[in-house]
Amino acid sequence: MAQPKTPLVKEIPPKGADLSEWYQAVCYKAELVSLAPVRGCVVLRPYGFALWERLVAALDERFKATGHENAYFPLLIPEHLLLKEQEHVEGFSPEVAWVTHGGNERLSERLAIRPTSEVIIGPMYADWIRSYRDLPILINQWVNVVRWEKRTRPFLRTTEFLWQEGHTAHASEPEAREEVVRMLDIYREVAQDIAAVPVYTGEKSSSERFAGATHTFSIEALMPDGRALQSGTSHELGQNFARAYDIKFAAEDQSLQYVWTTSWGMSWRMLGALIMVHGDDRGLRMPPKMAPIEAVVVPIVKAGDDRVIHAARDLLAQLKGSGLRVRLDERDLRPGNKFADWEMRGVPIRVELGANDIAAGVATLVRRDKAKGEAGGKVTVALADVASRMTALLEEIQTNMFAQASEFLRTHTIAAGDTAEFFHLLRERAGMIDIPWCGRAQCEAFVKVETSATTRNLRPLDGAATCLACGEPATVRAYFAQSY
RNA sequence: CGGGGCGUAGCUCAGCUUGGUAGAGCGCUGCGUUCGGGACGCAGAGGUCACAGGUUCAAAUCCUGCCGCCCCGACCA
């Protein structure tokens, strides 16, 4: 069969051919990011920033609703502060960037560029906290951090990246645990209900735990290539940082005690998950709640006929009046180019408005979540009803996209039946491989050597079982997968 | 950081083996015809061939170094 003269999609390779190549092409062609002239760093372009802002809004609103306040701590951390928590230092030292000079003068003490802020926040909390009446402290900051990474990819791992880091201090361990669980649940909710990315929540194994934490919990999403992506973490820090930075308070019983701290973060890596999970051969697909633009109106204008453009402007005003994030594309391009362009950017609904539509008093709505020609992908709506119909349609698209992604996760989560199958599935990169696990670091290390996969996260075991990786008694259930 | 690959126009790439004044398609600009799925015609713009040395009468091409990107691995809360 002859190839069509015009391929369905120019610009990017098919998603199924090479996910990595597709991913990078989409990030650049949809104008989310550009490579910067600094190794391992990206420029977040306006459309990418708008997407980030949607995530920020969803999280920030929930942080505030649970009693947190935003603040800002310094970018630069004196070396002596960093050195105080031993495990933490060892965990981060390979990734820390240092400032050694101020102007031409060599500094007497190096300054670390924050890879995370526990150690600059610790001394401040020590300063602010005197009594149990000062607790809890519930602070979040929206900042950039720098980690010197060997290998970088847009959003997934870059030298400098944007995130939020919450840092709280509590009077008791149970209270700190409660906070950690609460924030993990917010991450789960934002990932699933806003970004439409289904995730597994659970605790990290000891080898995957945050340096300096007593417990680390994560949300883990599954990418189309069968690799998992850690998309948010919540750490119980016990009294480790309190001891290192001398954060003490007078308790009700007048004893002097160390506080219990937590930290939790979600970065723009979440956007990487969204891109990979939802995108298709035509480019991005934005879940409506994350979409910077919910709908775009494309006027189909015949030469010398300006009735269409006027009708389109009226429609735009109507939709904006309904609080929808809409745009009218008046660029001097042919409609087909505009269709392809907005599909690449993943706008959930395209409104086509031409002379035929106007004559019939309607507009044509096209859903980005449906494949071309798929039933229900295109609907005709009376002009007066577009706003209300669109609101309902956006809900439907959101639900449909989450259902599609959930179906993928479900069908790629496999409970291995025996040890041979377990190793086989991991080598095949078949997805989240679910087994009863012994919880031993040596066992996890062995699996990693054999398959390059590790535990993603753990959850309680129901009943007695044997570890399917090594045959020792199991203590938990674990998802294993290769990770990004 | 180890192994491999690649750097030529905004993008995808040819040219390099065998040294001799820089190419194509797409995109971009202007004008016109078009406009319900990536139009067409005419006219144009655009490149220190990643960078630095070396060999040579002459280097995109050969040699050395270096930087960057991609893939695999290590590393990576």
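The chains referred to below are lettered A, B, ... by the order of the sequence lines, with proteins before strands, and numbering in each begins at 1. Everything quoted here is computed from the prediction, not taken from an experiment.
A/Glu396 has no carboxylate O lying under 4.0 Å from a charged side-chain N of A/Arg389, or vice versa, which leaves the two without a salt bridge. The pair A/Asp280-A/Arg368 meets the salt-bridge criterion, with a side-chain N (NZ, NE, NH1 or NH2) lying under 4.0 Å from an Asp/Glu carboxylate O. Looking at A/Glu178 and A/Arg182, a side-chain N of the basic residue comes within less than 4.0 Å of a carboxylate O on the acidic one, giving a salt bridge.
In this structure B/U33 sits in a base pair with B/A39, meeting the Watson-Crick or G-U test at under 3.5 Å. If you check B/C6 for Watson-Crick or wobble pairing at under 3.5 angstrom, you find it paired to B/G68. Nucleotide B/G44 has B/C28 as its partner under the Watson-Crick or G-U criteria, with both atom distances under 3.5 Å. Of the nucleotides present, none pairs with B/C76 by Watson-Crick or G-U wobble criteria with both distances under 3.5 Å. B/C16 is unpaired under the Watson-Crick or G-U wobble criterion, no partner having all donor-acceptor distances under 3.5 Å.
Counted by atom type alone, A/Arg39 and A/Thr152 present zero donor-acceptor pairs between their side chains at under 3.5 Å.
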Practice task
Do nucleotides 42-51 of chain B as a string where each nucleotide becomes B, S or -: B if the base has a protein heavy atom under 4.0 Å, S if just the sugar-phosphate does, - if no protein is that close.
Solution key: ----------
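As a whole-Å value, the separation of A/Leu365 CG from B/G36 P is 19 Å. Atom CZ of A/Arg269 and atom C1' of B/C76 are 9 Å apart (whole Å). One can place CD of A/Glu21 at 9 Å from P of B/C71, the figure rounded to the nearest angstrom. Whole-Å rounding puts the A/Leu19 CG to B/C72 P distance at 11 Å.
In this structure, the ring of A/Phe422 has its center no less than 6.0 angstrom from the ring center of A/Trp437. Between A/Phe241 and A/His88, a ring centre-to-centre spacing shorter than 6.0 Å is recorded.
Applying the side-chain contact (heavy atoms from CB on, under 4.5 Å) criterion to A/Ala97, with sequence neighbours excluded, gives A/Ile113, A/Val146, A/Trp148. Every salt bridge (charged side-chain N to carboxylate O under 4.0 Å, His left out) that A/Arg477 has, sequence neighbours left out, goes to A/Asp434.
Using a 4.0 Å heavy-atom distance criterion, A/Ser218 is classed as making no nucleic acid contact. Looking at heavy-atom distances under 4.0 Å, A/Asn356 makes contact with a base. At the heavy-atom level, A/Trp163 lies under 4.0 Å from base atoms of the strands shown. A/Lys204 comes within 4.0 angstrom of nothing in the nucleic acid, heavy atoms only. Looking at heavy-atom distances under 4.0 Å, A/Pro299 makes no contact with the nucleic acid at all. In this structure, A/Glu95 reaches the sugar-phosphate backbone alone: every heavy-atom distance under 4.0 Å involves primed, P, OP1 or OP2 atoms, never a base. Contacts of A/Arg334 with the nucleic acid, taken as non-hydrogen atoms under 4.0 Å apart, include base atoms. At a threshold of 4.0 angstrom between heavy atoms, the contacts of A/Lys448 are confined to the sugar-phosphate backbone, with no base atom among them. A/Gly40 comes within 4.0 angstrom of sugar-phosphate atoms only, judged by non-hydrogen atoms across all strands, and of no base. Using a 4.0 Å heavy-atom cutoff across all strands shown, A/Ala355 reaches at least one base atom of the nucleic acid. A/Gly91 comes within contact range of no nucleotide atom at all, as no heavy-atom separation falls under 4.0 Å.
At B/C69, none of the side-chain N or O atoms of A/Arg153 fall inside 4.0 Å of OP1 or OP2 (strictly under the cut-off). OP1 or OP2 of B/A39 lies within a sub-4.0 Å distance of a side-chain N or O belonging to A/Asn337. Between A/Arg151 and B/C72, a side-chain N or O to OP1/OP2 separation shorter than 4.0 Å is present. For A/Arg350 and B/G36, the shortest distance from a side-chain N or O to OP1 or OP2 is not below 4.0 Å. The phosphate of B/C71 has OP1 or OP2 within less than 4.0 Å of a side-chain N or O from A/Gln24.
For the C1' atom pair drawn from B/U29 and B/G65, the interatomic distance equals 41 Å after rounding to whole Å. The same atom, P, is picked in B/G38 and in B/A43; the two are 25 Å apart, to the nearest Å. Using atom P as the reference point in both B/C72 and B/C28, the two lie 33 Å apart (nearest Å). Across the C1' atoms, B/G19 and B/C13 are found 22 Å apart, a figure rounded to whole Å. On the C1' atoms, B/G27 is 24 Å away from B/G68, given to the nearest whole Å. Straight-line distance between the P atoms of B/A50 and B/C16: roughly 16 Å, to the nearest whole Å. The separation of B/U17 from B/U12, taken at their C1' atoms, amounts to 24 Å, rounded to a whole angstrom. Separation of the P atoms belonging to B/U21 and B/A74 is 49 Å when rounded to the nearest angstrom.
Both tests pass for A/Arg110 against the ring of A/Trp98: distance under 6.0 Å to the centre and angle within 45° of the axis. Judged by a 6.0 Å distance limit and a 45° cone about the ring axis, A/Arg459 is positioned over the six-membered ring of A/Tyr479.
Nearest-nucleotide positions on RNA chain B for A/Phe339 and A/His235 put A/Phe339 closer to the 5' end. For the pair A/Tyr484 and A/Glu343, both in contact range of RNA chain B, the more 5′-proximal nearest nucleotide belongs to A/Glu343.
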